[in-house]
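Keep in mind that the numbers below use all heavy atoms, side chains included, and drop hydrogens, waters and symmetry copies. Just so it is clear, the model here is predicted, and its values are computed rather than measured.
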Amino acid sequence: MELLSPAGSMECLVAAVQNGADAVYFGGGSFNARRYADNFVGDRLIRAIDYCHERDTRAYITLNTLVFDREIPAALDFASELYSLGADAVLVQDIGLASAIRHSLPNLTLHASTQMGIHDLGGLEYCHDCGFTRAVLARETRLEWIKYLVKHSKIEIETFAHGALCMSFSGSCLYSSMSGERSGNRGTCAQPCRKRASTSGRPGEDDFCLSPSDICMLEHLSALRDAGVACVKIEGRMKKPEYVAIVTRAYRAALDGASDKEIRKLKSELFELFNRGSFNTAHLFSDSVRTDRVGSSKPSKELVALAQSSMAGENRKREVDMRLVLKVGENASLSAKSEGHEVECNGAVVQRANRPQTAEVYVERLKKLGDTPFSLGRCSVSMAKDCYISAAELNAMRRDAVSKLLNEFHVRNAVPKIEVSDRNVVPLNKNNTIAEPIVYARAASAKSARIAFDNGADYVAIEPIKFEINQFADLQHYRDEGKKLIVALPNVIINETQQASVRKLLESGLLDGAEANNIGQTEMIKNLPIRIAGIGMNAMNSHTVNELIRLGYNFVIPSPELTGVQLAALAEKCSERLLIWLHGRVPLMQLLHCPVKEHGGCLDCNGEAGRVTDEAGREFPLINTKFSDKCLVRMLNCRTTDLIDIYDELPRAAGAVLSFSGEAEDMMIDRLSAFTAARSGRSVPQLPNSTRGHFNRKVE
């Protein structure tokens, strides 16, 4: 089982490698989910990859952010650079970018970032079909489900084993983006979840209901190994080198068979190094995430000294065999061989000795490999007793041989010419014209669906509290009238039991289509006539839209992180495929750990689970989807996004999305009426206390 450590700087990379990491992951400046780390560019990137390879360590580079259309060429150029430098793999989130990379650089190894939210067999099958060799599972995936996925997956599985735990399902968090233009999907998360917040009113000094404690699987690595996990990952690209050193050291020891006593000691060191009041095993065994903790780091001087000493020398050694040939009057010759690589170098002309020389003297000098990543294995010296070269001359040859041998471990690949396809998305009809835009309403119940249908909605997608068939059966007469009945799937359907309940509804014959919000749901909905990619698909560029259309989706709801200008640019390429979000509270977080349950006990909520209040007094509604084993809780924005009054300023599209999750019935009637008026050219006011979202505010 591979140990994968983080590196936010060269010092951290050295700490990871010298303390036993099998692989290191790091970013290269732009396009990575830790853009505020001291990432690697230019010569530093080259040196980082080479440093790893010299020490038999794999280098994985993060290209794991969503990208805009204008950034695709630069992202492909960077991927090309990584391939040329021999990066062992690239981690990707954006499915459009992944598709472009696979087309342009078919030999570049791709890993699916945890930001893709892979947590089911459908997601793994998609990754395999698109050329990924590994997927980093969502941190919400339970151990028993991991076993099932490993058993049936055609690609490797990687899981997080230590470090900070996001409260929200990765890749589905818009909290930082909507609250301050810093997008977690773009690598600039401001971590508003780590600030004070409460489920019972304005937070006090010790209320941190969205800030979970860190995961620590040090004592349970054998369970992950038995489950078939290929790689365990340490989080921490924003941490200091000492942190990386101590955590990597601990997990290396545990993987190498440390005793229970030693593991307890190592865990206490990890707790001393950094903690948020406790460690947890996240969702691997149960819903054991704990919140209400402030981060604390108080390592002793001895622990810091241990970390620093581990980075000071060279702990990663390869054996090198050497052969020295000395003949009077000829240049000295030294060959060095290690793990299938062999180099030769010539030195000074061998002199006749004034007194007899011994081979042992030269062997001892060749052993002095110092802080190089080599140790001397077999060594032979072919010489007569009257041969002589000076210590300085032999040292120069040894250094030359080491330098050449190190270069042998550097990987360089020839790169094909990169061509960026900029074709438009395939139109739905031959004329590529848009008829009257679809009114696509999202509702939470059958009652809300009736209101939407009765007030002008063409399509209604129910985002159900429970996946019960009866509520859909009661709406069949609207289908007879030509209306379309859709089910909106949640971003997370975390296990086989939950998937079974969803599939029963999808196969009932009561639906015209489904809205998917995770790439793994593509397979589930493939037999339905209408397939819609929701905002959970993170469609931020035309390459992603193209990929979704290739997978059979009829319509795509673009990411709410796009500005009006960016939406217009996207619509120029694929307007007939877009449904644009005009109204509704944007879901900011997808939570499998219920803060209401933890801080007040389970209330057996039925749709409205309560609210979270932040330091500023802003209230964020919580709504839930109930499965038989647990709930998925969504935290909605404190303000409703409303663009209906500027309908004329919006790009032409296939339809408009009006989402009514967490909203009253009279609000539905008012906003549907307002949209009808705006579409017919009449002036309507903006909804009071609403927001434009990102329409006029770009994300970093």
**Student:** Is there a side-chain hydrogen bond (donor to acceptor under 3.5 Å, both in side chains) between R186 and T65 once you walk through the steps?
**Tutor:** CA-CA 5 Å; R186 299 267 299 158; T65 60; 5.2 Å; no
**Student:** Does K239 have any salt bridge (Lys or Arg N to Asp or Glu O under 4.0 Å) partners at least two apart in sequence or in another chain, and if so, which?
**Tutor:** none
**Student:** Residues two or more places apart in sequence or in another chain: which of them pass side chain to side chain donor-acceptor pair (under 3.5 Å) with S113?
**Tutor:** none
**Student:** Partners of S153 by side chain to side chain donor-acceptor pair (under 3.5 Å), sequence neighbours excluded?
**Tutor:** none
**Student:** For F620, check ring pair (Phe, Tyr, Trp, His ring centres under 6.0 Å) against everything at least two apart and list the hits.
**Tutor:** Y175
**Student:** Step through the shown structure and confirm whether more than 12 heavy atoms of other residues, nucleotides or ligands are within 6.0 Å of CG on D129.
**Tutor:** yes
**Student:** Keeping S338 on the side-chain end and E319 on the backbone end, is there a donor-acceptor pair under 3.5 Å?
**Tutor:** yes
**Student:** Can you name the residues that form a ring pair (Phe, Tyr, Trp, His ring centres under 6.0 Å) with H111, not counting sequence neighbours?
**Tutor:** Y60
**Student:** Mind checking ring pair (Phe, Tyr, Trp, His ring centres under 6.0 Å) for H410 and listing every partner two or more places apart, or none if nothing turns up?
**Tutor:** none
**Student:** Does R276 qualify as a cation-pi partner of F208, given the criterion of NZ or CZ under 6.0 Å from the six-membered ring centre and within 45 degrees of its axis?
**Tutor:** no
**Student:** Atom CG of D120 and atom CD1 of I493: how far apart are they, to the nearest 0.5 Å?
**Tutor:** 7.5 Å
**Student:** Looking at R252 and D256, does any basic side-chain N land under 4.0 Å from a carboxylate oxygen?
**Tutor:** yes
**Student:** Could you tell me whether the side chains of T544 and D94 share a donor-acceptor contact shorter than 3.5 Å?
**Tutor:** yes
**Student:** Heavy atoms, side chains only, cut-off 4.5 Å: are C209 and V612 in contact?
**Tutor:** yes
**Student:** Donor-acceptor check, side chain of N517 to backbone of G536, threshold 3.5 angstrom: yes or no?
**Tutor:** yes
**Student:** Between T62, L63, L66, which is the residue that forms a side-chain contact (heavy atoms from CB on, under 4.5 Å) with Q93?
**Tutor:** L66
**Student:** The criterion is salt bridge (Lys or Arg N to Asp or Glu O under 4.0 Å); which residues satisfy it with E125, sequence neighbours excluded?
**Tutor:** none
**Student:** What is the distance from atom OG1 of T57 to atom CD of Q18, rounded to the nearest 0.5 Å?
**Tutor:** 8.5 Å
**Student:** Between the side chain of S259 and the main-chain N/O of E262, is any donor-acceptor distance below 3.5 Å?
**Tutor:** yes
**Student:** When you measure from the side chain of E71 to the backbone of V67, do you find a donor-acceptor pair of N or O atoms at a distance under 3.5 Å?
**Tutor:** no
**Student:** For E158 and R134, indicate whether the former's side chain and the latter's backbone hold a donor-acceptor pair under 3.5 Å.
**Tutor:** no
**Student:** Taking the side chain as every heavy atom from C-beta outward, state whether P595 and M635 have any pair of such atoms under 4.5 Å apart.
**Tutor:** no
**Student:** Using a 4.5 Å cut-off on heavy atoms from C-beta on, say whether the side chain of S296 contacts that of F274.
**Tutor:** no
**Student:** Go through the steps to decide whether D629 and T497 satisfy the test side-chain hydrogen bond (donor to acceptor under 3.5 Å, both in side chains), and finish with yes or no.
**Tutor:** CA-CA 8 Å; D629 54 345; T497 301; 5.4 Å; no
**Student:** For E205, enumerate each residue passing the salt bridge (Lys or Arg N to Asp or Glu O under 4.0 Å) test, keeping only those at least two apart in sequence or located in another chain.
**Tutor:** R196
**Student:** With a 4.5 Å cut-off on side-chain heavy atoms, are V244 and I234 touching?
**Tutor:** no
**Student:** Does R316 reach the main-chain N or O of E54 with its side chain, forming a donor-acceptor pair under 3.5 Å?
**Tutor:** no
**Student:** Kindly write out the residues that satisfy ring pair (Phe, Tyr, Trp, His ring centres under 6.0 Å) with Y148, not counting sequence neighbours, or none if the list is empty.
**Tutor:** W145, H152
**Student:** Could you work out, with side chain to side chain donor-acceptor pair (under 3.5 Å) as the rule, every residue matching N275, not counting sequence neighbours?
**Tutor:** none
**Student:** Main chain of L91, side chain of N64: is a donor-acceptor contact present, judged purely on distance under 3.5 Å?
**Tutor:** no
**Student:** One pair to check against side-chain hydrogen bond (donor to acceptor under 3.5 Å, both in side chains): S310 and R249. What are the steps and the verdict?
**Tutor:** CA-CA 9 Å; S310 73; R249 168 181 170 269; over 6 Å; no
**Student:** Which residues pass the side chain to side chain donor-acceptor pair (under 3.5 Å) test with K317, not counting sequence neighbours?
**Tutor:** none
**Student:** Could you work out, with salt bridge (Lys or Arg N to Asp or Glu O under 4.0 Å) as the rule, every residue matching K265, not counting sequence neighbours?
**Tutor:** E269
**Student:** For a side-chain hydrogen bond (donor to acceptor under 3.5 Å, both in side chains) check, start with the C-alpha distance between S80 and D77, then their side-chain angles and the critical distance, and finish with the verdict.
**Tutor:** CA-CA 5 Å; S80 174; D77 284 344; 5.9 Å; no
**Student:** Is it true that E547 and R102 have a side-chain N and a carboxylate O under 4.0 angstrom from each other?
**Tutor:** no
